[in-house]
Amino acid sequence: EAEVAQSPRYKITEKSQAVAFWCDPISGHATLYWYRQILGQGPELLVQFQDESVVDDSQLPKDRFSAERLKGVDSTLKIQPAELGDSAMYLCASTLAGGAEQFFGPGTRLTVL
Amino acid sequence: AQSVTQLDSQVPVFEEAPVELRCNYSSSVSVYLFWYVQYPNQGLQLLLKYLSGSTLVKGINGFEAEFNKSQTSFHLRKPSVHISDTAEYFCAVSDSTLYGNKLVFGAGTILRVKS
């Protein structure tokens, strides 16, 4: 069964350092999402891609976060510099273009010290 | 914009007892509704979804949910829970945009099944 892949699964970093997360969606899924889930809360959308284009980044803190999906397949989310408040689970999801059901990866648990 | 309210942050229940996890959403227009389950340090797994049709939706692991448009609710139920059902459950509603569907999640309900 096809799955969304994410790496690393866990990341510990010190504040002011740069971190990057990688996501490989299910093959053929044109739409890719990055969510942030703070402990005790539900996931919140950070950025949505349609193929290689960003279509919604209204909740992305653009002073320190960036996201790219250069070839319209896999994607990278970067934080520079990391802050203590960035400690969270970062989830990637994908869906067929216009699809309703999103398929989630296992997530990357970030701890900023 | 859509919003989702999960009315209980934690639900303790004994094994083999029935359980209901409550979810209300904000919009009365046509929506897609979902329940996801999350085990510690894992991603989200889809339990069930309502897209259209029958208001009673059956999902995996014996869970079901009922879509009630007039009450804007989508409560999750299971007639008999197991220890393995201990997890956090998230209700989500789709928010249609020009480019597809963005999910808006509730804050989650932790289900604790006790022996």
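This one's a predicted model, so the numbers in the text were calculated from it and none came from an experiment. Each chain gets a letter, A, B and so on, in the order the sequences are listed, and its residues count up from 1.
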Linked, directly or transitively: [X] and [Y] (ILVMFWY side chains, under 4.5 Å):
X      : Y      : result
B:L51  : B:L56  : no
B:L48  : B:L21  : yes
B:V57  : B:V19  : yes
B:L111 : B:Y39  : yes
B:Y36  : B:I110 : no

- Query: Between B:Q6 and chain A, which part of the residue has a heavy atom less than 4.5 Å away: side chain, backbone, both or neither?
  - Reply: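 For B:Q6, there is no contact with chain A at all, as no heavy atom is under 4.5 Å.
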- Task: Let me know if B:L46 has heavy atoms under 4.5 Å from chain A in its side chain, its backbone, both or neither.
- Result: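 For B:L46, the contact with chain A is made by the side chain alone.
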What are the residues of [range], in order of number, with any heavy atom under 4.5 angstrom from a heavy atom of chain B?
range                       : value
residues 87-96 of chain A   : A:M89, A:L91
residues 105-113 of chain A : A:G105, A:P106, A:R109
residues 68-86 of chain A   : none
residues 13-25 of chain A   : none

- Task: Side-chain contact test, heavy atoms from C-beta onward, threshold under 4.5 Å: evaluate it for A:Y33 versus B:L103 and give yes or no.
- Result: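 Answer no - side chains too far apart.
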- Heavy atoms, side chains only, cut-off 4.5 Å: are B:F90 and A:P43 in contact?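 Answer yes - side chains close enough.
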Where on [X] is there a heavy atom nearer than 4.5 Å to chain B: the side chain, the backbone, both, or neither?
X      : result
A:Q102 : both
A:E101 : both
A:F103 : neither

With a cut-off of 6.0 Å (strictly less than), are more than 12 heavy atoms of other residues, nucleotides or ligands near [atom1] of [X]?
X     : atom1 : result
A:L39 : CG    : no
A:I12 : CD1   : no
A:E44 : CD    : no
A:E3  : CD    : no

- Between CZ of A:F104 and CD of B:Q42, what distance do you get to the nearest 0.5 Å?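 If I round to the nearest 0.5 Å, the distance is 14.0 Å.
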